[in-house]
Amino acid sequence: MKVIAFLNQKGGVGKTTLAIGIATFLSRLGHRVLLIDADPQGSALDWAAARQGDPIFPVVGLPRPTIHREIDQIGADYDFVVIDGPPRVTDLARSAIMAADLVVVPVQPSPYDVWAAEEIIKLIEEARIYKEKLKAVFTVNRKIANTAIGRDVGEILGQYALPTLNSTVTQRVIFAEAAAEGKAVFEIDAEGPATLEMAELTREIQEALA
Ligand SMILES: Nc1ncnc2c1ncn2[C@@H]1O[C@H](COP(=O)(O)OP(=O)(O)O)[C@@H](O)[C@H]1O
Ligand SMILES: [Mg+2]
């Protein structure tokens with residue numbers, strides 16, 4: 001069982017979108033997946049509730065700072081547990097980091113957004129004192145189509161101890177549609193660009209965990 005936590009104290013960067021995305025794509029690959037909604041706002045639970053028909057995988061709400069103590073029991077029957085993190089640096093975020101094998105920090109491609117991730121990076125560095133094997137990466141979300149990630153953003157990302165994944169996720173309406181209908185993007189557009197990007201991100205995340 002591997003645990004992937006999406007964390008950033010900034011809201012709106014895509015923690016929920018990417019957590020759901022990765023969970024759905026891992027599930028499509030045949031893995032047993034559990035999604036833990038650790039955000040008191042419960043957006044991942046809302047996504048699951050919006051779905052007509054059978055769930056793709058179970059989603060449980062666990063907005064308590066005990067995730068790291070419960071994860072082995074809760075996740076025992078799964079290949080992957082994906083944690084959708086809270087929008088604040090609290091005990092909850094700390095608990096999710098302590099539960100994780102890999103922390104993914106989504107950032108939007110602007111210098112302000114990268115700087116805004118500073119607090120969570122500090123928390124990850126603190127956790128590494130106890131948990132040497134903890135892996136952590138940045139991933140760029142909400143990239144504007146047909147634009148390069150600005151050189152300034154690349155340089156700023158390069159100043160942190162976290163590597164940045166090569167795959168990026170573009171700003172696309174399909175993610176809002178998928179959120180509203182409780183669907184995976186591949187159920188809406190199986191060959192579309194969002195599906196291809198998410199598949200590539202999933203591959204890279206699995207590689208980072210290996
Ligand atoms: N790549 C994307 N393309 C289009 N909309 C996106 C994308 N990523 C996130 N969003 C939208 O932005 C909003 C915030 O994203 P969300 O995943 O809820 O962020 P967080 O969980 O970090 O607060 C949501 O309405 C979501 O649908
Ligand atoms: Mg969220």
Side-chain angles (χ1 to χ4, degrees), residues 4-25 35-51 56 59-64 67 81-90 92-93 95-97 100 102-110 112-121 123-124 136-150 153 162 164-189 192-202 204-205:
I4 309 163
F6 287 80
L7 289 164
N8 188 336
Q9 78 281 357
K10 192 170 192 313
V13 294
K15 293 180 288 297
T16 301
T17 303
L18 298 187
I20 289 170
I22 291 301
T24 54
F25 278 73
L35 179 57
I36 294 181
D37 191 338
D39 180 353
Q41 282 187 353
S43 315
L45 289 168
D46 289 342
W47 169 80
R51 186 176 179 85
I56 308 178
V59 184
V60 297
L62 190 59
R64 288 193 301 274
I67 303 171
V81 177
V82 178
I83 302 176
D84 178 16
R88 261 187 294 281
V89 171
T90 56
L92 209 58
S95 178
I97 292 175
L102 173 69
V103 176
V104 180
V105 180
V107 288
Q108 298 186 69
S110 109
Y112 305 111
D113 278 280
V114 179
W115 289 322
E118 200 121 320
E119 283 182 64
I120 200 75
I121 294 163
L123 221 57
I124 291 166
V137 295
F138 286 118
T139 187
V140 174
N141 180 35
R142 312 192 78 168
K143 182 174 156 311
I144 305 302
N146 305 318
T147 58
I149 300 297
V153 173
L162 272 57
T164 305
L165 296 179
N166 292 319
S167 42
T168 57
V169 177
T170 303
Q171 174 77 23
R172 295 183 203 278
V173 183
I174 190 172
F175 287 106
E177 285 173 47
E181 294 170 22
K183 285 186 177 167
V185 292
F186 57 76
E187 293 176 304
I188 300 174
D189 189 2
T195 296
L196 299 181
E197 282 182 355
M198 279 304 312
E200 180 54 23
L201 180 63
T202 305
E204 229 189 326
I205 283 178

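Excluded from the calculations below are hydrogen atoms, water molecules and symmetry mates; all remaining heavy atoms, backbone and side chain alike, are included. Remember, it's 1-based here, ligands and their atoms both numbered in the order they're listed.
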**Request:** Run the contact test for G11 against ligand 1 with a 4.0 Å cut-off on heavy atoms, strictly below, and give the result.
**Result:** yes
**Prompt:** Strictly under 4.0 Å, does any heavy atom of P87 approach an atom of ligand 1?
**Reply:**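 Outside the 4.0 Å threshold, so no.
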**Item:** atom 3 (N) of ligand 1 [closest protein heavy-atom partner, distance rounded to 0.1 Å]
**Value:** R172 N, 2.9 Å
Is there any N or O on [X] that sits under 3.5 Å from an N or O of ligand 1?
X: A176; result: no
X: R142; result: yes
X: G12; result: yes

Numbering as shown, the atoms of ligand 1 that approach [X] to under 4.0 Å (heavy-atom distance):
X: F175; value: 1 (N), 2 (C), 3 (N)
X: T16; value: 17 (O), 18 (O), 21 (O)
X: V169; value: 1 (N)

**Message:** Strictly under 2.8 Å of the Mg ion (ligand 2): which protein N/O/S atoms qualify?
**Reply:**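 As for protein N, O or S atoms lying under 2.8 Å from the Mg ion (ligand 2), they are T16 OG1.
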**Asked** Heavy atom under 4.0 Å from ligand 1: found in Q171's side chain, backbone, both, or neither?
**Response**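 The part of Q171 near ligand 1 is both the backbone and the side chain.
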**Prompt:** In this structure, which one of T16, I20, D84 forms a side-chain contact (heavy atoms from CB on, under 4.5 Å) with W47?
**Reply:**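 Exactly one pass, corresponding to I20.
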**Prompt:** Mind checking what makes ring-ring contact (aromatic ring centres under 6.0 Å, His included) contact with F25, not counting sequence neighbours?
**Reply:**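 ring-ring contact (aromatic ring centres under 6.0 Å, His included) list for F25, sorted by chain: F186.
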**Asked** Considering only heavy atoms, which of T170, N141, T168, N8 lies nearest to atom 8 (N) of ligand 1?
**Response** N141
**Message:** Is atom 24 (C) of ligand 1 near the protein, in the sense that some protein heavy atom lies at less than 4.0 Å from it?
**Reply:**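 So atom 24 (C) of ligand 1 lacks protein heavy-atom neighbours under 4.0 Å.
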**Asked** Less than 4.0 Å between atom 17 (O) of ligand 1 and some protein heavy atom, yes or no?
**Response**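 It does; a protein heavy atom is within 4.0 Å.
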